[in-house]
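Structure, as structure tokens:
Residues: numbered from 1 along the sequence shown. One-based numbering, in listed order, for ligands and for the atoms of each.
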Amino acid sequence: MDKSSQNNHSKAGDKKDKQLEKYRIQNGGNPITTNEGLKVANNENTLKAGDRGPILMEDFHFFQKQLHFDTERIPERVVHARGFGAHGEFEAYQSMRPYTKAAFLKEKGTTTSVFVRFSTVQGGKGSMDTARDVRGFAVKFYTEEGNYDMLGLPFPVFVVHDPFKFVDSQHALKPQPHNDMPTASAAHDNFWDFVANNQESAHFVMWAMSDRAVPRSWRMMEGFAVNTFRFENEEGKATFVKFHWKPLLGVHSFLNEESLMVGGLDPDYHRRDLRDAIECGAYPIFELAVQMVAEEDEHKFDFDILDPTKLWPEEIIPAQKIGKLTLNRNVDNHFAETEQVAFDVTNLVPGINFTNDPILQGRTFTYKITQLHRLGGSNYPELPINRSLCPFHNNQRDGFSRHRIDVDQTNYFKNSISNNTPGPTNPEEGGFLHYPDRVEGFKVKASSDSFKDFFSQARMFWNSMSSVEKQHIIDAFSFELAQVKRVSVREQVVNMFVNVDKGMATTIADNVGIKPPTGQHVPVETSSPALSQANTPHYAFSLTVGVIIGDGFYGLEVRKMLESFQQAGVFVEVISEKLGTVTGTDGTKIEVTKTFLTTHEVLLDALYVVGGTTKNQSVFDSYTTDWTHAAYKHYKPIAIATTGKQFLQAGANNNPLGVIYYGSNSNSEQEFIHAIAKRRFWERT
Ligand code: HDD
């Protein structure tokens, strides 16, 4: 992928951006004032009775300043607390008119402003980005018909199938109540006890133990709206639909060890990665894909299409790409935008409607309560980031922090004074109507029997994995369960997952000190190749290579390599012992951007080991050797310059896999770019 295809967005036409413009306040260059606009003459001292005397209550400026500080924090989201946002634009690839009357999908080329918030679920606001976790991928479309929110996860399935158990699942996942540990991790007794005793979680847990739960970047993560929605066209014909976001860069992950180390070295890794990419114009792009099932085919599959613990295999129900989302602007203020943004699964537009998917049904009221609690009142839709582009009119009035000044005398319906306005709109003219779904049955506290096959798709997921991915799943289970203190919980989990794969469960049992399970896995041999990251696209574009370099390098050789990085859009960190410049034998000077103390091998996707001379040669050599060997162990591509050969020896007859020695090939530069795109050389032993 070349950089120009990523950079094809023009900021003109970003309607939300224009709406926000009037709220962007520049304080710099202005006199300091109180919140009421009073200019003040002294901004450093409190008002005292004598300069060594007591402070006087009369100092209203001090009190206002302190009061505001004392109330700066608002409750963090109970789940998805740690998040990061960006603005962008959605463009429809084609008209979806045969299926939906949603205006933003009706015409090819229609563009819609969006705001996206990525989040982790388990940890608090101050935890780390790279934790093994499910994530949030929440998108607010500012459409001409009102705001439409599409809330997604990087997994296509949910942990439970009845919302009644949502609270239990999240209580069990969050840090344990007695010790508030662990942060940003599910490796504890409560979570695994929940899993073993609520076995509908099996499929979700397989995803959570897979590489999907440790994304290399949000830019390389799929998003799934999980629930089954309903498209509705102008004739009232409905089609079941699932929404997916497919990253143009493909789906790529950290190793478990890397995600832990990166979390410690740079807890902000994912947000920095996103912000930097947008800042330098490498705009993240996600394509919106839909899977659709005609209403009459609802019962045609061997799974229930309304069961949120099941995915729709793409090989059976194809995913059709209908548009793309480009993230092209960073926020100006994290609190005002990312913290105050309020997503709600009931923010719908005509043409997109609910189904009886029970998790979707259960979510209808919860988002409003959360926003009320977090944002301190029911007027949160008026906050700049939450405002729709189209105006809103109704008879709701007053409440905390009301922004608007309603000037009508009437605040009720029906009325004669205002000629019965504001009043309803016909569905034919854009009025939203709930889908007239036929329902029948007894009032029962129960779930459908068709939801009760917990293991077939969990096994299909396992069958779909490459041998490397399977090993990672076993490693992740072993890592998590080895931290579960109760033997009985470990035993229950192993005995549950034998249903998915006997060999997998037996190896995990062995790793965590449990007797081998006696059961047998379910007899499912199907797989879905779309689920494996082995089949994802690969690009070198926007991956980061670390150039380890001292003085005395061969200028021409290194310059050629750096030029090829630039052409491929590879990001570069030049690493040496100290900041400053390094100088080649021909006088070439290169600026150092990081030192061995400010970055690390795990923060880099590939290494270009140039070597060279420095003041503390033994320190330089020891870091270079350690990082080169660590990169090798982490299966990363490595290029070795003429001056760096001592750091990784070639074998007698051939080079180690994914290691490119300068001069061993007529085009070492291109070979290295291909290796960077490949990302991992799993065949290394
Ligand atoms: Fe939820 C936040 C997505 C089930 C209750 N949810 C939240 C966010 C995302 C999702 C992306 C973060 C929004 C943000 O960045 O501000 N949730 C999902 C998906 C689900 C799901 C895809 C299953 C298909 N959620 C779900 C259930 C319930 C909730 C079953 C409760 C009945 N979700 C919430 C919440 C949150 C939330 C407690 C916490 C913060 C917020 O709403 O604003 O109301």
Contacts of type side-chain hydrogen bond (donor to acceptor under 3.5 Å, both in side chains), residue Asp437, not counting sequence neighbours = Arg230, Asn356
task = Measure from atom 22 (C) of ligand 1 to every heavy atom in Val157, Thr309, Leu375, Leu153 and give the option owning the shortest one.
result = Leu153
message = Check whether Phe164 forms a cation-pi arrangement with Lys445 (NZ or CZ under 6.0 Å from the six-membered ring centre, at most 45° off the ring normal).
response = yes
query = Gln371 heavy atoms, cut-off 4.0 Å: which ligand 1 atoms fall inside?
reply = 41 (C), 43 (O)
ask   = Looking just at side-chain N and O atoms, do Gln371 and Lys368 make a donor-acceptor pair shorter than 3.5 Å?
value = no
note = Per-atom filter on ligand 1: closer than 4.0 angstrom to a heavy atom of Ile359 are 23 (C), 24 (C), 30 (C)
message = Given Phe115, Phe343, Phe365, Phe118, identify the one with the heavy atom nearest to atom 13 (C) of ligand 1.
response = Phe343
Atom 1 (Fe) of ligand 1 - number of protein N/O/S atoms closer than 2.8 Å = 1
query = Should the pair Glu76-Arg82 be classified as a salt bridge under the 4.0 Å nitrogen-to-oxygen rule?
reply = no
request  = Could you tell me which atoms of ligand 1, counted from 1 in the order shown, lie closer than 4.0 angstrom to a heavy atom of Arg77?
outcome  = 14 (C), 16 (O), 40 (C)
query = Knowing that exactly one of Phe231, Trp312, Phe137 qualifies, which makes a ring-ring contact (aromatic ring centres under 6.0 Å, His included) with Phe243?
reply = Phe231
task = Under 4.0 Å from a heavy atom of Gly362: give me the atoms of ligand 1 that qualify, with their elements.
result = 32 (C)
inquiry  = Show me which atoms of ligand 1 lie under 4.0 Å from any heavy atom of Arg117.
reply    = 14 (C), 15 (O), 16 (O)
ask   = Which protein heavy atom lies closest to atom 41 (C) of ligand 1, and at what distance to 0.1 Å?
value = Thr370 CG2, 3.4 Å
ask   = Among protein heavy atoms, which lies nearest atom 11 (C) of ligand 1, and at what distance?
value = Gly152 O, 3.3 Å
request  = For atom 23 (C) of ligand 1, find the nearest protein heavy atom and state the residue, atom name and distance (0.1 Å precision).
outcome  = Phe158 CD1, 3.4 Å
request  = Number the atoms of ligand 1 from 1 as they appear, then name those within less than 4.0 Å of a heavy atom of Val226, with their elements.
outcome  = 22 (C), 24 (C)
ask   = Regarding His472 and Asp211, is there a side-chain donor-to-acceptor distance under 3.5 Å anywhere?
value = yes
ask   = So, Thr228 versus Lys242: side-chain donor-acceptor pair below 3.5 Å or not?
value = yes
query = Under 3.5 Å, is there a donor-acceptor pair linking the side chains of Arg212 and Ser253?
reply = no
message = Between His87 and Arg329, is there a side-chain donor-acceptor contact under 3.5 Å, judged purely by atom types and distance?
response = yes
key: Under 3.5 Å side-chain donor-acceptor pair for Tyr93 and Glu287   = yes
query = Does Glu314 come within less than 4.0 Å of Lys246, counting only side-chain N to carboxylate O?
reply = yes
task = Would you check the N or O atoms of Asn227, main chain and side chain alike, for any that come under 3.5 Å of an N or O of ligand 1?
result = no
inquiry  = Rounded at 0.5 Å granularity, tell me how far OH in Tyr367 sits from CZ in Arg77.
reply    = 11.0 Å
inquiry  = Suppose we measure from atom 31 (C) of ligand 1 to each protein heavy atom; which comes out shortest, and what is that distance?
reply    = Phe166 CD2, 3.2 Å
